[in-house]
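Report on the following structure.
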Amino acid sequence: MQMLRLAAIRLASSFSSSLSLSWRPNRTAKLTMFSSDSNYDDPSPNSTPKSPFSPSEFPHSNTDHQTLFHVLEACKLSSNLRAAAETHSRIIKLGYGTYQSLIAHLISIYASCGCPNLAHKLCNEIPCWDFDLISANLIIATFMKIGAIDIAKKVFHNMPTRDVVSWNSMIGGCVKNARFEEALRIFQEMLSLNVEPDGFTFASVITGCARLGARDHAKWTHGLMIEKKIAINYILGSALIDMYSKCGKIESAKEIFETIQRDDVSVWNALINGLAVHGLALDAIAIFSRMVVENVSPDSITFVGILTACSHCGLVEQGHKYFDSMACYSIQPQLEHYGAMVDLLGRAGCLDEAYSIIKEMPMEPDIVIWRAFLSACRTHRNSDLGEVAIKKIKHLASGDYVLLSNIYCSVNRWDSAERVRDTMKKNGIRKYRGKSWIEMAGAIHQFKAGDVSHLDREAIYKVLEGLIRRAKMEGFSPAVELVLMDVSDEEKEENLNYHSEKLALAYGILKTSPGMEIQITKNLRTCLDCHYWMKVVSRILNRVIIVRDRIRFHRFDGGVCTCGDYW
DNA sequence: AGCTCGCGTT
């Protein structure tokens, strides 16, 4: 059987290289017929032969379903959609169409080969949703992977019995789809039904806490993990380090790092990245040196972390040094390393040098690189290069328009800024609303800009108005040039005043006693105006305010921020 | 028999 499996993999692989390229998605309709049609001739009459299996190679009437399973496994390993479709028709022909596990694997292959429609169709063709346990688990994970959360949920809810893998697939799936709170809810439900969580469960839950930046949840989850005596492998170790870093507890992250086994590079990467988001570039560099001493080879992700750390602190020289040193570790710089360099140079104001890197890099720059460059053009008010960048971004998103408009505003090109706004209006693109959230008494409270949906909204706005008044008395003036709206200055100011992080902060102040630290998480970059405001508020209230934005931590204390206004 | 987990550039 092992021989057959290897042969199948070889076969499928050999065809994946030659045939998958000729595969056209518009044959989809034809393909789906296989599930109800016993004809397994070549589905694409235009292309030449083409069955991946010659009659002598593909076992016929004596083929058992286990063999088919191995063939499907090979198709999956080699991403060979063509061979999978062929095998699908064989499955029908041989009368195995009712074998759930085979169908479940087909669904999984279609989904992972970029044919979600086929996966859906096949799923709908199944008369009743009574998959066996393992097939159902596979289907849940498959649909979660392609973002079809509702289908995954439907399968989960229809299961007569569930095991820990079913729960893990749901929790992990929610985290993958950025539904962190839902993941935590499902975890709670799992516990209340006395299903024993395992290491897989905790890896996902920990990631959910990390992404939420939910300190209380994080600590509680870690405690439970210890109580359950879950062994910490390198995956859980790096997840824990990442969780504490992203929850603002870099000291706890370091503590975990010192107490666990450190023979895997990902544990080091997690800490280096953690130090990077805290703006502790020199510490990140120290960890890098230590890993070399301890004989752990850095990988491509290590360098992404080190370059990011340099970028956030403006360490241009060091960044160059580490980028150049990659060759010593036989690591070829990838797109993301060039991206990090463009970001590093761009932030530091070396726009021409950043542009040279883009022009000279051996691969095609992607949208991430152009966005980093565009963002640097905004920071350093260079509309000419900003226009170069914007032309390279094919499908402009809301944030790109905002950046471009801000660039024009910053160099007083009001007409151009207005043109951008008109284009946005014409294309129905709305300014993306920022979101911030704060954890209070174990619950997550989320705010959007100008949000009035919170139960305590009146008290929140009252606190906010009071803070705004006091900040102004301290000489704070709003950065109205940042607002993308053709309205009066007064209205612009209103807009800035109700940015989501300000609402979240007001709620934090409302619900905590004086002197307590307040931590807020935000989905976008924090704006210049909010950053300035947070500094002032930290001074007048004599409080530590921590804001985690999309890329890093800002710790405001006594009127200064740990980022040193460089971010 | 098969199914579930982490760290990365804007």
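In what follows, chains carry the letters A, B, and so on, assigned in the order in which the sequence lines appear, proteins first and then strands, with residues in each chain numbered from 1.
What separates CG of A:Leu374 from P of B:dT10 is a distance of 14 Å, to the nearest Å. Rounding to whole angstrom units, NZ of residue A:Lys254 and P of B:dC7 are separated by 21 Å. Taking atom CZ of A:Phe187 as the reference point, atom P of B:dC5 lies 16 Å away to the nearest angstrom. Remark: P of B:dT4 and CE of A:Met170 are 15 Å apart, rounded to the nearest angstrom. Distance CG (A:Leu335) to P (B:dT9): 13 Å, rounded to an integer number of Å. Distance A:Phe156 CZ to B:dC3 C1': 14 Å, rounded to the nearest Å. Here the P atom of nucleotide B:dT9 and the CD1 atom of A:Ile272 are 13 Å apart, to the nearest Å. Distance A:Lys522 NZ to B:dT10 C1': 15 Å, rounded to the nearest Å.
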Name each donor-acceptor pair under 3.5 Å that joins a side chain in residues 138-145 of chain A to protein atoms two or more places apart or in another chain, with its distance.
unit_1	atom_1	unit_2	atom_2	d
A:Thr142	OG1	A:Leu138	O	2.7

Contacts table for residues 178-191 of chain A: side-chain donor-acceptor under 3.5 angstrom, sequence neighbours left out:
unit_1	atom_1	unit_2	atom_2	d
A:Arg179	NH1	A:Glu182	OE1	3.2
A:Glu182	OE2	A:Lys153	NZ	2.7

Kindly list each side-chain donor-acceptor pair under 3.5 angstrom involving residues 274-289 of chain A, sequence neighbours excluded, with atom names and distances?
unit_1	atom_1	unit_2	atom_2	d
A:His278	NE2	A:Ser245	O	2.8
A:Ser289	OG	A:Ile285	O	3.1

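Ranking B:dT4, B:dT10, B:dC7 by closeness to the A:Arg550 side chain, first place goes to B:dT10. The side chain of A:Ile551 lies closest to B:dT10, out of B:dT4, B:dT10, B:dC7. The side chain of A:Lys176 has B:dC5 as its nearest neighbour among B:dT10, B:dC7, B:dC5. Checking B:dG2, B:dT9, B:dC5 against the side-chain heavy atoms of A:Asp132 singles out B:dG2 as nearest. The listed nucleotides are B:dC7, B:dT4, B:dG2; the one nearest the side chain of A:Ile134 is B:dG2. Ranking B:dC7, B:dT10, B:dT4 by closeness to the A:Ile301 side chain, first place goes to B:dC7. The listed nucleotides are B:dT9, B:dC7, B:dT4; the one nearest the side chain of A:Lys246 is B:dC7. You'll find that the side chain of A:Asn233 is closest to B:dC5, out of B:dC5, B:dT9, B:dC3. When each of B:dT4, B:dT10, B:dC3 is scored by its nearest atom to the side-chain atoms of A:Ser375, the top-ranked nucleotide is B:dT10. The side chain of A:Ile235 lies closest to B:dC5 when the candidates are B:dC5, B:dC7, B:dT10.
Every residue meeting the side chain to side chain contact (heavy atoms under 4.5 Å, CB included) condition with A:Phe323, not counting sequence neighbours, appears here in chain and number order: A:Leu307, A:Met326, A:Pro333, A:His337, A:Tyr338, A:Met341.
Considering only heavy atoms from C-beta on, A:Leu385 stays 4.5 Å or farther from A:His380 through its side chain. Looking only at side-chain heavy atoms (C-beta outward), A:Lys522 and A:Ser500 come within less than 4.5 Å of each other.
The side chain of A:Arg347 places an N or O atom within less than 4.0 Å of a non-bridging phosphate oxygen (OP1 or OP2) of B:dT10. Side-chain nitrogen and oxygen atoms of A:Lys145 include none within less than 4.0 Å of the OP1 or OP2 phosphate oxygen of B:dT4.
Contact annotation for A:Ser135: base contact, defined as any heavy-atom pair under 4.0 Å involving a base atom.
Using modelled atom types, no side-chain atom of A:Trp370 and backbone atom of A:Ile390 make a donor-acceptor pair closer than 3.5 Å.
Among residues at least two apart or in separate chains, salt bridge (Lys or Arg N to Asp or Glu O under 4.0 Å) pairs with a member in residues 222-246 of chain A are A:Glu196-A:Lys228, A:Asp242-A:Lys246.
Heavy-atom distances under 4.0 Å link DNA chain B to A:Phe200, A:Ala203, A:Ser204, A:Thr207 of residues 200-212 of chain A, given in residue order.
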